A.B. asks: 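After the structure tokens below, expect a handful of questions from me.
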Amino acid sequence: MTAVQPKSMDEIMSLCKRRGFVYPASEIYGGINGFWDYGPLGAQLKKNLRDAWWQDVVMNPCWGRSGPDGNPVEIVPVDTCIIQNPRVWEASGHLAGFNDPRVDCRETKNRYRADHLLVLVHPQDLAAPCVAFLEGNEDAARVRLEKLLRPGRGSISAGGSISAGQNVSAAGDVIAGDTISAGLNITAGRDVSAGKRLESADYIVVSMMDFPEERIGQVFGPDAKTMGTLTEPRPFNLMFPTVIGATGDPEADKAYLRPETAQGIFVQFKNVVDTTRVGVPFGIAQTGKAFRNEVTPRNFTFRSREFEQMEIEFFCHPDTAKEWYAFWRDWRMEWWKSLGLAGDNLILREHDRDELAHYAKEGAGTSDVEYRFPFTAPGFGELEGIAHRTDFDLRRHAEHSGLGDKLKYFDPTRGEPAPNGQPKGERYFPHVIEPSAGLDRGVLAALCEAYTPDPERPSGVFMKFHPRLSPIKAGVFPLVKKDGMPEKAHALATTLRKKFGHLGTIEMDEKQSIGKRYARMDEAGCPFCFTIDSDTLADDTVTVRHRDTLAQERIAMDAVPAFLGEKLGI
RNA sequence: GCGGGUGUAGCUCAAUGGUAGAGCGUCAGCCUUCCAAGCUGAAUGUUGACGGUUCGAGUCCGUUCACCCGCUCCA
């Protein structure tokens with residue numbers, strides 16, 4: 001199943017453009033980094049994947065199978081706004097987490113707020129190593145810098161490489177590298193003159209915010225063993241800011257495009273509980289666009305700045321979270337498999353503990369459904385994450401909104417029995433299992449999986465979409481454009497459109513040779529073609545042409561709707 | 001963010017500093033009884049953008065944008 005030779009991403013992208021699956025966004029203006037548009041076939045492909053999710057998650061949850069409690073799984077949908085009250089993002093942690101410049105350490109993978117990070121620098125030598133430290137650790141940093149700067153203490157150290165143009169004074173008690181260079185910034189009040197022996201107290205403390213970028217390579221990170229592992233301070237503006245209102249005060253009226261659809265669900269949790277007949281355990285589902293100002297958009301549509309999510313927030317009692325987590329993890333994997341992403345290219349990967357997001361640290365775990373894209377091979381890229389988010393989000397919103405315990409769920413099925421024999425009920429913050437899938441990534445995986453080079457056939461390649469995902473469900477062709485065949489074909493196409501038109505296109509084409517029309521359908525990924533020929537006129541049978549095998553069979557024309565319906569899983 | 005590469009028709013690619021082309025696809029007509037068949041014809045480009053050098057730039061130089069690859073990043 002797995003292609004030994006990885007498929008060429010260039011060729012897949014070329015086909016996507018050629019056949020109208022994906023175009024560069026605003027291409028006639030030179031495009032825009034990190035944004036892609038779907039063409040006619042791509043838009044339908046994406047809708048089919050979203051519809052499949054909606055059907056299997058919302059309308060018929062988990063294909064009708066029971067949850068770990070033995071009852072049918074209950075899911076209701078919502079559709080919440082892309083723009084929310086900015087305090088939503090304050091509560092969720094997205095605002096605080098990404099509004100300040102960050103410094104990353106390549107060695108330790110630690111991330112620091114740049115305004116909390118201080119740097120101990122030599123007052124004179126611009127080339128000397130520096131030591132970064134967190135507030136409160138200044139003494140240790142001084143000791144460390146001391147060791148670095150004068151291992152031989154007092155004498156000119158062996159490693160004191162003096163670079164060209166460096167001005168070392170004659171005074172013997174100046175260590176190598178102690179230069180008074182022009183343009184040096186010495187803080188006010190410091191009396192550091194040539195020849196003076198440096199004491200630890202003379203080192204200067206500079207905020208990382210003010211530290212010159214070009215010298216970042218000389219800095220030892222707070223926990224790093226080697227020099228130069230810190231990145232420059234970078235603002236992590238994950239969220240796209242926007243402005244609300246006609247006056248448009250950029251600060252007072254500031255709002256954000258949502259970075260995830262999940263928070264809209266948490267914010268409406270109480271309304272859903274109060275106004276519908278759902279009871280824990282149940283889930284709320286939503287699809288919609290989300291926006292992230294990615295540092296590096298890359299790899300076609302895989303990491304784009306505007307993308308669509310398909311998210312479930314499944315609420316359950318804390319005691320049952322573990323079983324529900326395992327249930328969703330396993331079923332979500334099955335679901336992707338059912339759409340043709342099978343074989344070695346799809347894996348379920350449980351996260352290591354230290355990989356977990358802040359909200360999931362205490363939970364039962366996090367897993368990814370991952371696909372081996374041509375550009376990640378032999379590695380994998382995430383399609384969907386299934387996380388036990390605990391009650392983190394509901395608690396945060398309870399605090400920030402001031403609702404407090406009112407946001408707790410009252411569960412009438414739990415608690416001690418009252419004198420009348422009924423449970424007294426229990427008030428709690430439900431735990432949340434979040435299967436969160438990337439729709440655009442799913443589409444990309446479907447495109448990559450479907451792409452099948454085949455030198456034997458005229459098109460040289462065909463798109464082996466699962467029939468459920470195919471943007472074109474069927475082609476209907478008269479073998480030749482005469483003898484009443486076009487009329488018969490039109491009639492069949494009309495019948496099929498009435499029955500299957502909501503699922504995808506029924507393509508009717510009477511132009512050019514039959515081989516050319518089949519080839520076109522191969523590249524578009526149409527699974528079945530029905531061809532009307534002279535025999536049809538005599539006995540009302542048609543040829544079915546199978547995309548994947550090139551096989552042909554004859555069936556009665558009035559059996560075509562049932563045939564197609566069965567193939568499409570209806 | 002850093003380094004490397006690429007950018008010419010819808011796609012794949014040509015074009016010594018000297019008139020921008022081919023194949024395929026697309027479209028029209030004829031023909032055609034099952035896999036891009038055949039014949040005839042048609043449309044399609046500010047050579048990614050801007051600037052410079054030059055009598056003259058697709059070609060040389062600079063800037064910029066986009067994409068690809070490798071690092072980096074991805075609560």
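No experiment lies behind these values; they were computed from the predicted model shown. Each chain gets a letter, A, B and so on, in the order its sequence line appears, and its residues count up from 1. As a basis for the values below, the full set of heavy atoms in this structure was taken, side chains included, without hydrogen atoms, waters or symmetry mates.
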A.B. asks: Can you tell me the distance, in whole Å, between the CZ atom of R305(A) and the P atom of A66(B)?
C.D. replies: 9 Å
A.B. asks: Identify each donor-acceptor pair in which a side-chain atom of residues 28-37 of chain A lies under 3.5 Å from a protein atom, sequence neighbours left out, and give them as a table.
C.D. replies:
unit_1: W36(A); atom_1: NE1; unit_2: F300(A); atom_2: O; d: 3.0

A.B. asks: Using a strict cut-off of less than 4.0 Å between a Lys/Arg side-chain nitrogen and an Asp/Glu carboxylate oxygen, indicate whether K289(A) and E308(A) qualify as a salt bridge.
C.D. replies: no
A.B. asks: Start at the 5' end of RNA chain B and walk down; is the nucleotide closest to R441(A) or to R19(A) reached first?
C.D. replies: R19(A)
A.B. asks: I'd like to check the side chain to side chain contact (heavy atoms under 4.5 Å, CB included) partners of K47(A); sequence neighbours left out, ordered by chain and number.
C.D. replies: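 Listed in chain order: Q44(A), R50(A), D51(A).
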A.B. asks: When every nucleotide of nucleotides 40-45 of chain B is labelled 5' to 3' by its protein contacts under 4.0 Å (heavy atoms), B for base, S for sugar-phosphate only, - for none, what sequence of letters results?
C.D. replies: ------
A.B. asks: Check if the side chain of S14(A) and the base of C11(B) share a donor-acceptor pair of N or O atoms closer than 3.5 Å.
C.D. replies: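 For S14(A), whose side chain was compared with the base of C11(B), there is no donor-acceptor pair (under 3.5 Å).
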A.B. asks: Do I555(A) and T541(A) have side chains that approach each other closer than 4.5 Å (heavy atoms only, starting at C-beta)?
C.D. replies: no
A.B. asks: Tell me the interatomic distance from D10(A), atom CG, to G5(B), atom P, rounded to whole angstroms.
C.D. replies: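 Atom CG in D10(A) sits about 17 Å away from atom P in G5(B).
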A.B. asks: Show me the dot-bracket string of RNA chain B, counting Watson-Crick or G-U pairs under 3.5 Å, with | for pairs to another strand and [ ] for crossing ones.
C.D. replies: (((((((..((((....[..)))).(((((.......))))).....(((((..]....))))))))))))....
A.B. asks: Could you list the residues that satisfy side chain to side chain donor-acceptor pair (under 3.5 Å) with K481(A), not counting sequence neighbours?
C.D. replies: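 By the side chain to side chain donor-acceptor pair (under 3.5 Å) rule, K481(A) matches no residue at all.
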A.B. asks: Name all residues meeting the salt bridge (Lys or Arg N to Asp or Glu O under 4.0 Å) criterion together with R457(A); count only those two or more places apart in sequence or in a different chain, and write none if there are none.
C.D. replies: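 For R457(A), the residues satisfying salt bridge (Lys or Arg N to Asp or Glu O under 4.0 Å) (neighbours in sequence not counted) are D454(A), D522(A).
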